[in-house]
Number of protein chains: 2
Amino acid sequence: MQILSHKERTYYLEKYQIDDFFSFDVSPFLEVCQFEKGEWIFQEGLFPDTLYYMMEGKAKLYVTHKNGKVSLIEYLKAPLFMGEIELLNETKYTKGIQTVTPTICLSITTQNCKEKLLADARFLRKLCVFLGEKAANMTAKYTQNQAYPLENRLAAFIQLSAEQGIYKEKHTEICEYLGVSYRHLLYVLAQFCEQGILVKQKNGYHIVDEAGLAYLAQEIS
Amino acid sequence: MQILSHKERTYYLEKYQIDDFFSFDVSPFLEVCQFEKGEWIFQEGLFPDTLYYMMEGKAKLYVTHKNGKVSLIEYLKAPLFMGEIELLNETKYTKGIQTVTPTICLSITTQNCKEKLLADARFLRKLCVFLGEKAANMTAKYTQNQAYPLENRLAAFIQLSAEQGIYKEKHTEICEYLGVSYRHLLYVLAQFCEQGILVKQKNGYHIVDEAGLAYLAQEIS
DNA sequence: ACAATAATGTGAGAAATCTCATATTTTTAA
DNA sequence: TTAAAAATATGAGATTTCTCACATTATTGT
C-alpha cells in the first residue's frame with residue numbers, strides 16, 4: 001500500500017467529488033492510497049480502524065471457515081465502502097479483502113473522526129444506500145443458493161461474466177464463489193458441453209446456445 | 001391491521017422513546033398500529049410506501065422463487081425496521097413479512113417525509129447500524145450455508161431455538177428456513193436420535209447429549 | 001362435532017454434490 | 001532457466017439431499 005502524493009490526491013478527490021460525501025472538512029483525516037494487484041486490504045481476524053472508499057479497482061471478499069473451507073463471498077467493484085461495518089458496530093467482522101486490479105482508495109482513519117462521521121447526514125445517507133443494497137444483494141444470493149442447484153446458478157454466472165460469448169474464469173476461484181467443489185463445477189461444465197450449450201476451446205468455453213443458457217439461468221428471479 | 005388510539009399511541013411512543021429516533025417532529029407522519037398474529041405486513045410483489053419500526057412482536061420474512069420453492073429468509077424480532085430498503089433504493093424489494101405474534105409497529109408513510117428522513121442524521125445513524133448488522137448477518141448465513149451440511153447447521157439451530165433442553169419447532173417451517181427438503185430434515189433429526197444426541201418424545205425432541213450437539217454446532221464460526 | 005386442512009412420518013429410488021487419488025499442464029518465483 | 005507451486009483434468013466411490021408416493025396424526029374453522 002502506498003499513499004499518494006499531494007498532486008495525485010487532489011486529482012482523485014476532485015475526480016470523484018469527495019467533498020460532496022461529507023458536510024464537514026474530512027481532509028485532515030483522509031489519505032488517498034493505492035494498493036497493488038493481489039494485495040490484501042483487510043486480513044481476516046484483524047480489527048481495522050480504517051474506513052476505505054474504493055474509487056477505482058476490483059477486489060474479492062473472502063472468509064475462511066473453521067473447517068478450512070474458503071468462501072469467496074463477493075466480487076467487489078468500485079465504487080464502494082470497505083470497513084464500514086466495523087465503523088458502525090463494535091463487532092469484529094474481519095473478513096479478508098484482496099485486490100484483483102490496482103486499486104485507488106480513500107482511506108479515513110476513524111479514530112479521531114468517528115463521531116463526526118456518525119453525525120453527518122450526508123455521509124450517513126450514502127452509507128445507508130450502500131448498506132441497503134448490500135443487504136438486499138446478500139439476501140438474494142442467499143435465497144437463490146438455497147433454492148437452485150448449480151446448473152442454474154452457474155448458467156446465470158456464465159451469462160454475467162462471459163465476454164464476447166466466451167467464458168474464461170478460473171475454476172479454482174469460481175468454485176469458491178459458487179460454494180461447490182472443484183470437481184462438481186467441472187462436471188456441470190462438461191454437462192453444458194454435452195448439451196451443446198458450451199464448446200470448450202483453448203481460450204475458454206464458447207457459448208454456442210445462448211437461448212439454452214438463458215433458459216437455465218432465467219429460472220432465477 | 002388496526003391503528004391504535006391516541007392513548008395507546010402515546011404509551012408506546014414514550015415506552016420506546018421514539019422521539020430520540022428523529023431530530024425533527026415526525027408525529028404528523030406517524031401512526032402506531034397493531035397487527036394480529038399471522039397477518040401479512042408486506043406482501044410479495046407489492047411496493048410499500050410505508051416504513052415500519054416494529055416495537056413489539058415477531059415475524060417471518062419470506063420469498064417465493066420462480067420455481068415455486070419458498071424460502072423463510074429470517075425470523076424477525078423486535079426491535080427492527082421494515083420497508084427501509086424501499087425507502088432508500090427505488091428497487092422493488094418486495095419480500096413477504098408475516099407476523100408470528102401480535103405485533104406493535106410504528107408506521108411512517110414516507111410519501112411526505114422521505115426527504116426529511118433521509119436528511120436526519122439521528123435517524124440515519126440508527127438505520128445504518130441496523131443495516132450493517134443485517135448485511136453482516138446475511139453474509140454470515142450465506143457463507144455458512146455454503147460451507148456446512150445440514151448436520152452442522154441443524155445442530156446450531158437446535159441449540160439456538162431449544163427451550164429448557166427441548167426442541168419443538170415446526171418441521172414444515174424449519175425446512176424452509178434451513179433450505180432443505182422436509183424429508184431430509186426428518187432424516188437428520190432421526191440420525192441425531194440414533195446417535196443418542198436427541199430423544200424424541202411427545203412434547204418435542206429432548207437434548208440428551210448437550211456436548212455432542214455442541215460439537216456438531218461449534219464447527220460453525 | 002366433524003370435515004377440511006395442515007403437519008407428521010416413512011420408504012424407495014434418483015439426483016446433486018463431495019472426497020480422495022492421481023496425472024498433466026500452466027504459471028510463478030528464485 | 002528451472003524447480004516449485006498452482007491450476008486443470010478425470011475416475012471411482014461415498015454422502016448429502018431431493019422427489020414422489022402414500023399413510024397417519026393433529027389442528028382448525030364452522
Side-chain angles (χ1 to χ4, degrees), chain A residues 36-39 60 62 65 67-72 98 100 144-157 166-195 198-205 216 219-220, chain B residues 36-39 60 62 65 67-72 98 100 144-157 166-195 198-205 216 219-220:
Chain A
E36 293 164 35
K37 172 178 171 175
E39 202 173 345
K60 293 180 287 187
Y62 278 105
H65 299 272
N67 65 0
K69 280 193 187 175
V70 173
S71 291
L72 201 188
Q98 185 183 31
V100 173
Q144 281 165 18
N145 267 319
Q146 285 200 335
Y148 295 94
L150 183 62
E151 183 178 39
N152 301 119
R153 282 149 48 214
L154 179 58
F157 180 72
I166 301 175
Y167 170 79
K168 47 181 166 186
E169 302 294 321
K170 249 190 237 168
H171 301 331
T172 43
E173 204 169 288
I174 302 312
C175 67
E176 283 177 354
Y177 178 63
L178 295 172
V180 298
S181 67
Y182 181 87
R183 191 66 190 86
H184 190 52
L185 176 61
L186 275 265
Y187 269 136
V188 177
L189 280 170
Q191 179 190 312
F192 284 0
C193 292
E194 261 178 43
Q195 295 172 343
L198 301 179
V199 168
K200 187 174 170 183
Q201 300 195 344
K202 265 278 159 62
N203 62 344
Y205 291 78
L216 288 176
E219 291 291 318
I220 296 180
Chain B
E36 295 165 34
K37 173 178 171 176
E39 203 172 346
K60 293 179 288 186
Y62 278 107
H65 299 273
N67 65 2
K69 280 192 185 174
V70 173
S71 292
L72 201 187
Q98 184 183 33
V100 173
Q144 282 166 16
N145 266 315
Q146 287 201 334
Y148 295 93
L150 182 63
E151 183 178 40
N152 301 118
R153 283 148 48 212
L154 179 58
F157 180 72
I166 302 175
Y167 169 80
K168 48 180 166 185
E169 302 295 320
K170 249 190 238 168
H171 302 329
T172 43
E173 205 169 287
I174 302 314
C175 66
E176 286 177 352
Y177 178 64
L178 295 173
V180 297
S181 67
Y182 181 86
R183 190 66 191 86
H184 190 53
L185 176 61
L186 275 265
Y187 268 134
V188 177
L189 280 170
Q191 179 190 311
F192 283 0
C193 292
E194 261 178 43
Q195 294 171 343
L198 301 179
V199 168
K200 186 175 170 184
Q201 299 195 345
K202 264 281 160 58
N203 61 343
Y205 291 79
L216 288 176
E219 291 291 319
I220 297 181

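Naming: A, B, ... by sequence-line order, numbering from 1 per chain. Not measured: the values here are computed from a predicted model.
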Show your working on salt bridge (Lys or Arg N to Asp or Glu O under 4.0 Å) between A/Lys60 and A/Glu173 and close with a plain yes or no. CA-CA 10 Å; A/Lys60 293 180 287 187; A/Glu173 204 169 288; 2.8 Å; yes

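When the side chain to side chain donor-acceptor pair (under 3.5 Å) test is applied to B/Glu36, no partner is found at least two apart in sequence or on another chain.
Distance B/Asn145 CG to D/dT16 P: 16 Å, rounded to the nearest Å. Remark: P of D/dT16 and CG of B/Leu216 are 11 Å apart, rounded to the nearest angstrom. With rounding to whole Å, A/Tyr187 atom OH is found 15 Å from D/dT8 atom C1'. B/His184 has its NE2 atom 8 Å from the P atom of D/dT16, to the nearest Å. In this entry the distance linking CG of A/Leu185 with P of D/dT10 reads 13 Å, nearest Å. Atom pair A/Arg153:CZ and C/dA16:C1' shows a separation of 11 Å (rounding to whole Å applied). We find that CG of A/Leu189 is positioned 11 Å from P of D/dT8, with the value rounded to whole Å. In this structure, A/Asn152 atom CG and C/dA15 atom P are separated by 16 Å, rounded to whole Å.
Counting heavy atoms from C-beta outward, A/Ser71 and A/His65 have side chains that approach closer than 4.5 Å. Looking only at side-chain heavy atoms (C-beta outward), A/Gln201 and A/Ile166 stay at 4.5 Å or farther from each other.
Aromatic pair B/Tyr205/B/Phe192: ring centres not closer than 6.0 Å.
The nearest pair of heavy atoms linking A/Lys37 to A/Val100 is CG-O, 3.3 Å.
Among the heavy atoms of the strands, none lies under 4.0 Å from A/Gly38.
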Are any protein N/O atoms closer than 3.5 Å to N/O atoms in nucleotides 21-29 of chain C? If there are, list each pair with its distance.
none

Anything under 3.5 Å between a protein N or O and an N or O of nucleotides 7-9 of chain C, put it in a table, one pair a line.
unit_1 : atom_1 : unit_2   : atom_2 : d
C/dT8  : OP2    : B/His171 : N      : 3.2
C/dT8  : OP2    : B/Thr172 : N      : 3.2
C/dG9  : OP1    : B/Lys200 : NZ     : 2.5
C/dG9  : OP2    : B/His171 : NE2    : 3.2
C/dG9  : O5'    : B/Lys200 : NZ     : 3.4

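The CG atom of A/Leu185 sits 11.0 Å away from atom CD of A/Glu169, with the distance rounded to the nearest 0.5 Å. Separating the CG atom in A/Leu189 from the CD atom in A/Glu194 is a distance of 12.0 Å, to the nearest 0.5 Å.
In this structure, A/Arg153 is not positioned above the aromatic face of A/Phe157 in the sense of NZ or CZ being under 6.0 Å from the six-membered ring centre and within 45° of the axis.
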